[in-house]
Amino acid sequence: MQRYLLRRLIMLVPTLFFVLVAAFFLSKAVPGDQAESMMQLQGIRPESSNADSEYTRIYTELGLHLPTFYFSVLPDFYPDNVHAITDRIQREWTTDMLHQKVPSEYVEAFLESKNHFLQLAMMDTTQVWQKVVKIAKFENDIEILNSSLPMENEVDGDSLSVAYQQFALAVQDMKAQKRRWYFPAFRWHGTKNQFHQWIKKIALGDFGISIKDGRPVWTKMATALRWTILLAVLNLFFSMLIAVPVGLWAGHHIGSRFDKINKVVWMIIYAIPVFWLASLLIIYFTSDRYGAWMNIFPSPGLWYIPEGQSMWTTFSMYGSQLILPIICMVANDIALLSTMVRNNVAAEKSKLYVLMAYAKGLSQQQVLTKHILPNVLLPLITIAGSRLAAGLAGALIIEVIFNIPGMGRLMYDSIFAADWNVVFGILVVLSLLTILILLITDVLYAIADPRIKFQKS
Amino acid sequence: MAPFLANDKPIICLSNDHCLKAIIPYSPSSTDLKDGAALSPFEEQNIDSWRYRHLLGTDKIGRDVLAGMIHGTRISLLIGFLSVFFTFLLGTSSGMLAAYYKDEGIKVHGYQIILLAVTTFLGLFYLVYDAIFYGFNLWMFLWMVIMLFSINMFWVLAPPFRKKPGKYTLPIDAILMRIIELRKSFPGIFLLLAMVSIFVVPSVWNIIFIITLLGWTEFARHARAETFSVMETNYIKSAQILGISDFRILTRHILPVIMPTLAVLVCFGISGAILLESTLSFLGIGLPVEMVTWGKMMAEGRQMQHWWLVVFPGLAIFTIILSLNTVADYFQNRTQNG
């Protein structure tokens with residue numbers, strides 16, 4: 001047993017690593033500037049005088065100036081680390097130019113002369129600015145600037161015309177040096193990188209803070225996680241409670257009228273989209289719009305229970321709130337599970353050991369409970385594990401519709417608020433939970449069925 | 001098809017007075033200003049003739065529900081069928097190859113491993129950076145993935161390389177199993193939402209791409225399991241002894257046998273993809289704002305408590321899924337009865 005467990009744990013390491021890598025790179029691919037939204041959260045206005053220095057401070061505090069990963073594979077004309085440029089506008093310009101395949105040293109020269117030039121050409125700035133942008137995108141030639149500059153007929157010593165000349169030269173260089181082909185260049189960055197810092201923080205339970213309200217992501221998730229786990233566990237419990245007996249009965253009386261009706265009913269229920277069922281139930285059964293007797297269930301989303309209530313009141317209030325969500329979640333799962341159990345029973349019934357048991361003179365009841373049932377229930381461990389994991393994900397739409405403050409609801413709200421720390425924190429936590437559940441089911445299954453641990457791979 | 005069924009402009013005009021109009025004289029985006037918004041199908045409607053009646057009512061800004069449903073069908077079916085098509089290609093081929101060669105089946109030389117590493121590395125590099133420099137394009141991306149895949153297959157499986165078996169084994173089965181396990185350890189819809197939200201401009205193609213990326217492992221798992229059981233049979237061994245090429249065995253001897261099982265999966269895959277699409281649009285994430293889909297109508301119906309906006313699009317999804325599942329059930333019974 002220990003060897004099996006050890007093997008499973010070792011196999012877990014690469015999976016864990018790649019899950020973290022995938023979540024991390026997804027979070028890096030998200031649009032928007034993390035430091036900027038952090039600045040907004042801290043109440044620093046972008047037009048205030050210290051905005052630039054504050055931006056640089058937050059940028060370095062968040063560790064965004066570090067390289068992204070342990071190594072990087074970048075086109076050869078890229079600089080070592082674009083993120084090291086702490087000035088926001090400078091960095092955006094640089095990445096824009098690099099995306100046009102201009103080598104980094106020419107970008108630098110261009111940006112320097114551009115800044116110098118724009119400082120001197122203060123008059124009519126927006127017009128000049130737009131033209132410079134167009135030049136930088138290679139949409140227009142440098143000549144379009146001539147008309148808007150008052151320096152044509154002035155002496156050569158004029159600083160503006162010198163700056164202009166330099167700028168024109170830089171643009172020319174950049175145009176000439178624009179790459180057509182590029183090659184990969186491998187660079188090693190060591191452990192001083194964003195991914196390493198991120199992992200180190202996550203290991204300590206620090207997922208950063210939420211951009212929306214400044215609370216730590218972990219506290220937000222911890223309260224939400226309780227609801228999601230509650231929903232997933234209740235879902236598993238009720239679906240098992242109904243599906244297993246129904247499946248056993250149908251499988252035992254295969255081909256009977258009960259079996260046939262049962263199959264059609266579950267097939268229809270399986271095809272009902274969860275959110276459709278939920279919406280219909282909410283529309284028809286939570287208000288008295290369609291007749292007073294239809295107002296059976298409380299309207300969704302009242303999760304506030306006053307302090308000091310007795311346990312029974314709290315329990316019954318939560319219970320009545322949870323009835324509809326659980327019905328919606330359970331319906332599909334019962335359909336799936338009962339069909340599985342039925343097919344398993346049917347498959348086991350035709351095996352030789354069942355015939356042997358009948359030949360020994362055992363009654364139908366004995367054969368079903370003592371011989372068929374254990375063989376049918378064993379695979380249910382794995383199925384239960386995967387249903388529990390699926391329930392964590394499936395709770396999302398239910399939570400959104402019924403306003404349950406769980407992980408799914410939090411994820412949904414955070415995506416719309418562009419609160420990426422929360423979004424990817426949830427992704428990581430739920431992935432880890434899923435891995436844990438699958439591991440536990442595997443181990444339980446190996447304990448219950450000794451054949452597994454002697455199998456190769 | 002959809003523009004011919006529901007369109008507020010005439011389809012063909014012979015002259016100014018003689019026009020052929022669509023059966024439903026509304027487009028999904030045209031608003032009916034006369035009637036006002038949110039008409040239930042049974043309500044009194046201010047219309048010229050019965051032909052202009054909103055058979056299934058209108059939504060909150062006066063768009064016809066039936067026209068929206070007809071156009072929504074197109075989006076749902078497009079996403080359902082195309083994503084399963086790609087999923088099928090990727091999943092089946094990888095699953096069959098993994099089960100056919102197992103971990104010991106491919107013996108390669110050192111130089112082949114180097115070739116493999118170099119092409120994979122370069123392929124992924126240019127895949128990523130071309131997308132950054134020229135913008136992401138699904139067809140370009142698919143084309144490059146197929147190229148990469150086939151070049152890699154060529155290095156490993158092309159006859160000149162296989163004349164003398166090499167020293168090293170390529171554990172493709174173990175690699176595939178790792179990938180499947182990795183996919184399984186993500187909670188599906190959460191990963192889907194996180195992936196959809198990284199695209200700045202929402203589009204149908206992004207959704208197809210993501211559903212393919214998340215769904216192919218399921219196909220690979222089943223194709224692998226099925227191929228494993230076929231590999232046990234004697235006729236495959238005889239075919240191998242007869243010297244029939246691996247490619248021919250895979251496509252002519254194994255694929256037809258596992259096809260019915262894969263057909264079941266295809267049906268379930270399509271209904272699953274349609275369900276995912278409508279879930280996404282129900283949540284209001286990932287599809288362009290101006291696009292009318294079933295899920296979006298239902299979301300609005302739920303918010304405003306308008307039953308006709310929930311019942312009819314939901315019925316459409318339900319019908320599609322039920323019919324696909326029935327077809328799947330038919331295939332399943334056929335495989336079980338031999």
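Chain naming here is simple, since letters A, B, ... match the order of the sequence lines and numbering starts at 1 in each.
Scanning residues 308-321 of chain B against chain A with a 4.5 Å heavy-atom cutoff picks out Val310(B), Val311(B), Gly314(B), Leu315(B), Ile317(B), Phe318(B), Ile321(B), ordered by number.
For Ala29(A), the parts lying under 4.5 angstrom from a heavy atom of chain B are both the backbone and the side chain. Using a 4.5 Å cut-off between heavy atoms, Ile401(A) touches chain B through backbone and side chain atoms alike. Contact of Ser323(B) with chain A is not made at all, since no heavy-atom distance falls under 4.5 Å. Contact annotation for Tyr78(A): only side-chain heavy atoms (C-beta onward) come within less than 4.5 Å of a heavy atom of chain B. Ile268(A) touches chain B through backbone and side chain together, each having a heavy atom under 4.5 Å away. Using a 4.5 Å cut-off between heavy atoms, Asp103(B) does not touch chain A at all. For Ile415(A), the part lying near chain B is the side chain, with the backbone staying farther off; criterion is any non-hydrogen pair under 4.5 Å. Looking at Phe416(A), the atoms closer than 4.5 Å to chain B (heavy atoms on both sides) all sit in the side chain, from C-beta outward. With a threshold of 4.5 angstrom between heavy atoms, Met411(A) approaches chain B through side-chain atoms but not through N, CA, C or O. Neither the backbone nor the side chain of Ile437(A) comes within contact range of chain B; no heavy atom of the residue lies under 4.5 Å from a heavy atom of that chain. If you measure heavy-atom distances from Phe199(B) to chain A, you find no contacts under 4.5 Å at all.
With values rounded to the nearest 0.5 angstrom, Trp276(A) atom CH2 is found 12.0 Å from Ser278(B) atom OG. For the atom pair NZ (Lys184(B)) and OG (Ser431(A)), the distance works out to 14.5 Å, reported to the nearest 0.5 Å. To the nearest 0.5 Å, atom CD of residue Glu181(B) and atom CG of residue Leu12(A) are 7.0 Å apart. Taking CZ of Phe133(B) as the start and CG of Leu98(A) as the end, the distance is 7.5 Å to the nearest 0.5 Å. Considering CG of Asn343(A) and CD of Gln332(B), their distance stands at 7.0 Å, rounded to 0.5 Å.
Across every non-hydrogen atom of Phe282(B) and Ser279(A), the tightest pair is CZ-OG, 3.7 Å. When all heavy atoms are compared, the tightest approach of Leu193(B) to Leu396(A) is CD1-CD1, 3.7 Å. Of all non-hydrogen atoms in Gly301(B) and Ile283(A), the two that sit nearest each other are O-CD1, 3.9 Å. Taking both residues in full, the closest heavy atoms of Leu182(B) and Phe18(A) are given as CD1-CB, 3.6 Å, listed atom of the first, atom of the second, then distance. Across every non-hydrogen atom of Thr434(A) and Ser185(B), the tightest pair is CB-O, 3.7 Å. Considering every non-hydrogen atom in both Arg178(B) and Pro14(A), the closest pair reads NH1-CG, 4.3 Å.
Considering only heavy-atom pairs separated by less than 4.5 Å from chain A, the leading option among Leu322(B), Leu192(B), Ile179(B) is Leu322(B). Here Val19(A) is the residue among Leu16(A), Val19(A), Ile397(A) with the most heavy-atom pairs under 4.5 Å with chain B. Contacts with chain B were tallied for Ala22(A), Ala418(A), Pro75(A); Pro75(A) has the most, counting heavy-atom pairs under 4.5 Å. The choice from Val400(A), Ile272(A), Ile435(A), Leu74(A) that makes the most heavy-atom pairs within less than 4.5 Å of chain B is Leu74(A). Ranked by heavy-atom pairs under 4.5 Å with chain A, the list Ile189(B), Asn325(B), Leu283(B) is led by Leu283(B). Between chain B and the options Pro184(A), Pro31(A), Gly32(A), Gly408(A), heavy-atom pairs under 4.5 Å are most frequent for Pro184(A). For chain A, the option among Ser197(B), Gly188(B), Pro187(B), Gly295(B) with the highest count of heavy-atom pairs below 4.5 Å is Pro187(B).
By the 6.0 Å contact criterion, CE on Met11(A) is enclosed, its count of non-hydrogen atoms from other residues, nucleotides or ligands being greater than 12. Summarising the local packing, CZ of Phe121(B) is surrounded by more than 12 heavy atoms from other residues, nucleotides or ligands at distances under 6.0 Å. Within a 6.0 Å sphere centred on OH of Tyr270(A), other residues, nucleotides and ligands contribute 12 heavy atoms or fewer. Counting heavy-atom neighbours within 6.0 Å of Phe25(A) CZ, excluding the residue itself, gives a total above 12.
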Show me the side-chain donor-acceptor pairs of residues 123-132 of chain B shorter than 3.5 Å, one per line, residues at least two apart or across chains.
unit_1: Tyr126(B); atom_1: OH; unit_2: Tyr182(A); atom_2: O; d: 2.5
unit_1: Tyr129(B); atom_1: OH; unit_2: Val73(A); atom_2: O; d: 3.3
unit_1: Asp130(B); atom_1: OD1; unit_2: Tyr182(A); atom_2: OH; d: 2.5

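Between Val274(A) and Thr279(B), the closest side-chain pair of non-hydrogen atoms is not below 4.5 Å.
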